[in-house]
Amino acid sequence: MRYSKDHKAETHDRIVKNASVRLRERGAASLGVAELMKEAGLTHGGFYAHFASRDALISEAFAHAMQQTTGRWRKRAEQSPADKRLASIVNGYLSAEHRDDAGNGCALPSLGVEVSRASPKTRKAFASKLEDMIAMLAEQSPDMPAKTARREAIAVIATIMGAMILARAAGTGEFSDEILSAGRHAALRGENAAKPRTKKPKAKAED
C-alpha cells in the first residue's frame, strides 16, 4: 500500500515526537526502534523509509525536544509583563511539575551528559538548538549590551539545568523542593523567585 507524502511526513513527525519523550525518560541507550515503530503502527523494517540510521532519529529527537522547550519559554515570556518574563521562565522551569515529568520536560538535564558521547551530527544539532535557547533568553534582557545579555543567559541556563539535575536526583521530597527553590533564587538573584510550594498540584510539565 502506497501512502501520500503528507501521511509519511505525519508518521515521521510522530516517531520523532515519541522518540523525544523516550529519550528524556530513559536515555539514548534504552531507545528501542522496534517499540517506536510499533507505536507508529509500522513494522521494524519500515524504519529505514523514514531515517537513515538510529543516530539520525536520535539527532532529530534531541532537536525536537530542545525546540519544544524554547517554544514553551517563548510562550511564557509572551504571556508575562516585560519585567517578569525571565522570572516566569525560570520559575516555570524549576517547578515540581517539571521535575516530576521528565519525558515532557527540557532535554538539557535529561540528556546533556549523553550529548558528549553522541555522534558529531547529534552534537551539532544540540549546539544549534542550545544557541536558540540562549538567544531567546538573552532577548528578555533588552536593556543590557548584547554580549552581557548573552553571558547572563548562558549563566541562567547552566544554573537552572544544574538545579534540575540535582532536584531529580534528590527525589520528590522537601530536600528536592529546597534545591528547586535555591536554583530559582540563584538564577534570578533573589528577585521574583517563586516561593516553595507546600502542595504540588498535578499538572503537565511546563519547562
Side-chain angles (χ1 to χ4, degrees), residues 16-31 61-115 126 129-130 132-141 152-207:
V16 170
K17 290 177 182 177
N18 289 342
S20 76
V21 173
R22 298 290 177 271
L23 276 174
R24 286 172 278 182
E25 287 178 338
R26 309 173 190 172
S30 300
L31 187 66
F62 264 112
H64 172 78
M66 295 180 73
Q67 186 173 335
Q68 187 180 49
T69 292
T70 304
R72 288 175 175 169
W73 286 3
R74 192 172 298 281
K75 183 177 180 180
R76 276 183 167 272
E78 291 172 350
Q79 294 175 343
S80 304
D83 62 338
K84 304 288 186 182
R85 288 175 181 172
L86 180 59
S88 178
I89 292 169
V90 170
N91 288 328
Y93 190 99
L94 291 179
S95 65
E97 291 76 31
H98 182 205
R99 176 195 63 198
D100 299 341
D101 190 11
N104 291 296
C106 179
L108 293 177
S110 300
L111 302 170
V113 174
E114 291 200 30
V115 173
F126 178 90
K129 296 304 179 182
L130 180 57
D132 291 344
M133 296 172 81
I134 292 168
M136 189 273 155
L137 275 193
E139 290 172 7
Q140 311 316 311
S141 303
E152 290 295 314
I154 293 172
V156 167
I157 290 174
T159 299
I160 62 178
M161 183 186 83
M164 183 55 68
I165 290 173
L166 292 178
R168 284 178 176 164
T172 60
E174 291 184 4
F175 182 34
S176 181
D177 290 342
E178 182 184 13
I179 293 170
L180 292 177
S181 179
R184 292 191 296 266
H185 189 278
L188 297 171
R189 297 175 182 174
E191 298 179 9
N192 300 316
K195 295 181 180 178
R197 295 179 180 176
T198 55
K199 294 182 179 180
K200 298 186 280 291
K202 293 182 179 180
K204 187 176 180 180
E206 293 188 13
D207 51 333

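For Thr159, the side-chain hydrogen bond (donor to acceptor under 3.5 Å, both in side chains) test picks out no residue, with sequence neighbours left out. With sequence neighbours left out, Glu178 forms a side-chain hydrogen bond (donor to acceptor under 3.5 Å, both in side chains) with no residue at all. Taking the side-chain hydrogen bond (donor to acceptor under 3.5 Å, both in side chains) definition, one finds that Lys75 meets it with nothing, sequence neighbours left out. In this structure, the salt bridge (Lys or Arg N to Asp or Glu O under 4.0 Å) partners of Glu139, at least two apart in sequence or on a different chain, are Arg74. Ala155 pairs by the side chain to side chain contact (heavy atoms under 4.5 Å, CB included) definition with nothing, not counting sequence neighbours. The salt bridge (Lys or Arg N to Asp or Glu O under 4.0 Å) test applied to Glu152 returns Arg189, not counting sequence neighbours. Remark: Ala182 engages no residue in a side chain to side chain contact (heavy atoms under 4.5 Å, CB included) (not counting sequence neighbours). In this structure Val115 satisfies the side chain to side chain contact (heavy atoms under 4.5 Å, CB included) test together with Phe62, Arg123, Phe126, sequence neighbours excluded.
Residue pairs satisfying the salt bridge (Lys or Arg N to Asp or Glu O under 4.0 Å) criterion with at least one member in residues 17-31, sequence neighbours excluded, are listed as follows: Arg22-Glu25, Arg22-Glu35, Arg22-Glu39, Arg26-Glu35.
Between the side chain of Ser80 and the backbone N or O of Arg76 there is at least one donor-acceptor pair closer than 3.5 Å. Looking only at distances, a side-chain donor or acceptor of Ser176 sits under 3.5 Å from a matching main-chain atom of Gly171.
Between atom CE of residue Met66 and atom SG of residue Cys106 there is a gap of 7.0 Å, rounded to the nearest 0.5 Å. Taking CD1 of Ile89 as the start and CD1 of Ile157 as the end, the distance is 9.5 Å to the nearest 0.5 Å.
The shortest non-hydrogen separation linking Val156 to Leu86 is CG1-CD1, 4.4 Å.
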Extract all donor-acceptor atom pairs below 3.5 Å that involve side chains of residues 160-169 and protein atoms in other chains or at least two apart in sequence.
from	atom 1	to	atom 2	distance (Å)
Arg168	NE	Arg99	O	3.1
Arg168	NH1	Ser110	OG	3.3
Arg168	NH2	His98	O	2.9

